[in-house]
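Any value given below was found using the heavy atoms of this structure, including those in side chains, with hydrogens, waters and symmetry copies removed. These figures come from a predicted structure and were not determined experimentally.
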2 protein chains.
Amino acid sequence: MALNYEPVVTESVAKQIAEQIRRAITNGTLKVDEKLPTEAELARQFSVSRPTIREALKRLAAKSLIRSRRGPAGGTFVQAPSTEDVSQDLMSSVALMVSLGVFDLTEIAEARHELELVCIRLAIKRRSSAELDRMAAEIKLQTDEALTDEEFCASDVRFHRALVDATHNPVMQFQMFTVIEALQPVENMVIFRFRERQKIIEQHEKIWRALRDQDLAEAEDAIDEQMVYLRESFAQAKEWRRNRDSVKAAVQ
Amino acid sequence: MALNYEPVVTESVAKQIAEQIRRAITNGTLKVDEKLPTEAELARQFSVSRPTIREALKRLAAKSLIRSRRGPAGGTFVQAPSTEDVSQDLMSSVALMVSLGVFDLTEIAEARHELELVCIRLAIKRRSSAELDRMAAEIKLQTDEALTDEEFCASDVRFHRALVDATHNPVMQFQMFTVIEALQPVENMVIFRFRERQKIIEQHEKIWRALRDQDLAEAEDAIDEQMVYLRESFAQAKEWRRNRDSVKAAVQ
DNA sequence: ATTCATCGATTTGCTTGACAAATATTGAAA
DNA sequence: TTTCAATATTTGTCAAGCAAATCGATGAAT
């Protein structure tokens with residue numbers, strides 16, 4: 001008989017309770033900042049022990065749906081997850097999936113390209129001088145020869161974050177954060193290996209000018225150019241990785 | 001003195017351990033399907049009690065990073081989160097944020113519009129007959145007068161899912177899933193209230209034809225048209241909600 | 001009267017110890 | 001050899017209690 005690989009029939013009670021509370025939050029039975037009963041009281045209500053309740057609560061805490069404080073005025077409170085919380089969480093999940101090869105680099109690059117085109121179209125219409133200044137400051141920083149590779153990469157991220165912020169659309173900001181950050185490790189690798197900073201800076205300057213002049217054609221061209229370069233670098237990185245792996249395989 | 005509202009200085013031990021294990025997974029120290037030490041062993045290694053370890057593990061389980069089985073060959077195993085897992089999770093978070101008003105409807109609609117334009121541009125180049133057939137089947141289904149509103153909405157979602165799948169880019173699929181699902185409740189409301197199915201079906205047909213003929217201009221036009229309609233409906237929905245709230249306020 | 005420190009009450013954080021349930025392995029019986 | 005039951009291992013749950021944080025109240029000093 002082949003092994004019966006049905007996932008699990010028995011959902012743990014902790015998981016069930018967590019799901020029940022989560023539903024109460026999403027459907028509005030539990031409102032934001034509302035205090036849940038104490039752990040002891042919840043344990044009594046659900047007829048389980050306190051550690052079981054705690055496991056359930058920790059599952060929700062992991063999703064930033066609740067927060068807890070000790071003390072008399074403490075307890076467990078419903079929390080509206082902030083975009084930062086969810087972005088951070090999502091980002092780490094995506095980063096893991098990327099490192100596990102769930103997503104292909106070229107697929108991510110394509111998505112980022114298209115999404116960044118969307119961003120720049122919106123940004124051209126709405127960019128304020130604040131974002132232009134932030135981007136200019138990052139470009140200026142990047143020209144500093146004394147900058148370490150890490151600092152350069154961080155500045156690169158901030159530059160693109162400013163571009164996204166210029167859309168003034170929180171949903172786009174939320175979405176882009178994922179792909180920008182997911183690409184970060186790979187970009188780092190590319191920059192560390194090939195470190196053609198000047199090329200990157202020129203592209204940033206082109207994007208910035210297009211944004212300042214609200215020149216759509218120029219902006220799209222700048223983004224395209226940037227992505228062609230990124231794609232080339234990826235191809236090199238892939239080739240390099242393939243060679244390394246085949247060497248490793250040959251050695252074994 | 002104003003209340004000192006610094007979140008928390010003391011990160012709980014369980015959280016720290018969870019983070020430590022998570023890092024071990026992301027940086028490859030722990031590989032997928034690898035077995036973690038038993039809870040008792042982990043408790044010994046981290047010098048904490050087993051329930052504390054369990055709280056840490058449950059945080060990771062909530063993020064689909066590990067799975068557990070009982071028995072001699074059981075234990076805790078590293079798991080590569082599937083796109084389904086993460087999508088599902090993300091979707092519920094975003095849905096909650098939408099219901100809490102973190103995102104504005106117009107912002108979501110704009111993001112969806114732009115992203116769907118991206119999708120259709122990619123889809124036009126890559127759509128296979130499989131996706132065209134799926135979309136055609138949904139359109140056919142939608143013309144059935146006997147369909148309930150719920151079924152119509154579900155079919156609408158499947159139609160757009162097929163459109164996204166036609167991009168053959170998992171990252172785009174992943175991203176779009178969020179906005180499509182996040183919009184779902186609102187769309188339902190709009191359809192339930194104004195139920196102009198025929199208009200929606202005509203738009204679907206236009207999109208489908210453009211995709212079949214690989215006619216980019218027509219496709220973009222179809223998406224634009226669809227979004228103009230959606231925006232109008234949103235404006236009505238907002239107005240309706242505003243009136244309801246002001247009435248409610250007046251009554252109180 | 002006001003302010004400050006101290007103490008107690010309350011709630012989460014964590015520990016210890018134990019038992020229950022599931023399940024792969026092992027060994028004995030047919 | 002096959003089948004079935006005992007066994008060992010590991011997660012799931014329970015119970016009771018102490019520790020730490022923190023808010024409110026009480027009382028003392030200014």
For [X], which residues count as a side-chain hydrogen bond (donor to acceptor under 3.5 Å, both in side chains) partner, sequence neighbours excluded?
X        : result
B:Glu41  : B:Arg44, B:Gln45
A:Ser47  : none
B:Glu131 : B:Ser128, B:His168
B:Glu138 : B:Ser155, B:Arg158

Revision key, fill the gap. Against the side chain of A:Pro72, the closest entry in C:dC14, C:dA9, D:dT13 is C:dA9
Check your understanding: Side chain of B:Ser68: nearest nucleotide among D:dC23, D:dT13, D:dG12?
Key -> D:dG12
Check your understanding: What closest approach, in Å, do A:Val78 and A:Ile25 show between heavy atoms, and which atom pair accounts for it?
Key ->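 The pair with the smallest heavy-atom distance is CG1-CG2, 3.9 Å.
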Just how far, in rounded Å, is [atom2] of [N] from [atom1] of [X]?
X       : N      : atom1 : atom2 : answer
A:Arg70 : C:dT11 : CZ    : P     : 14 Å
A:Arg67 : C:dT12 : CZ    : P     : 13 Å
B:Arg69 : D:dT10 : CZ    : C1'   : 11 Å
B:Glu11 : D:dA20 : CD    : P     : 19 Å
B:Ile66 : D:dT11 : CD1   : P     : 10 Å

Review point. Among residues 30-39 of chain A, which residues get a heavy atom nearer than 4.0 Å to DNA chain D?
Key: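 Per residue number, the list is empty: none.
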Practice item. Mind running a 4.0 Å heavy-atom check of residues 42-60 of chain B against DNA chain D and sending the residues that fall below it, in number order? Key: B:Arg50, B:Arg54, B:Lys58
Review point. Taking only residues two or more places apart in sequence or in another chain, which ones pass side chain to side chain contact (heavy atoms under 4.5 Å, CB included) with A:Val157?
Key: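 A:Val157 satisfies side chain to side chain contact (heavy atoms under 4.5 Å, CB included) with A:Arg161, A:Ile180, A:Glu181, A:Gln184 once adjacent residues are dropped.
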Exercise for review: Return the set of residues passing ring pair (Phe, Tyr, Trp, His ring centres under 6.0 Å) with B:Phe159 (not counting sequence neighbours), or none when no residue passes.
Suggested key: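 Testing B:Phe159 for ring pair (Phe, Tyr, Trp, His ring centres under 6.0 Å), a comparison that skips the adjacent residues, returns B:His204.
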Point to revise | salt bridge (Lys or Arg N to Asp or Glu O under 4.0 Å) involving A:Glu116 - partner list, sequence neighbours excluded | key: A:Arg112
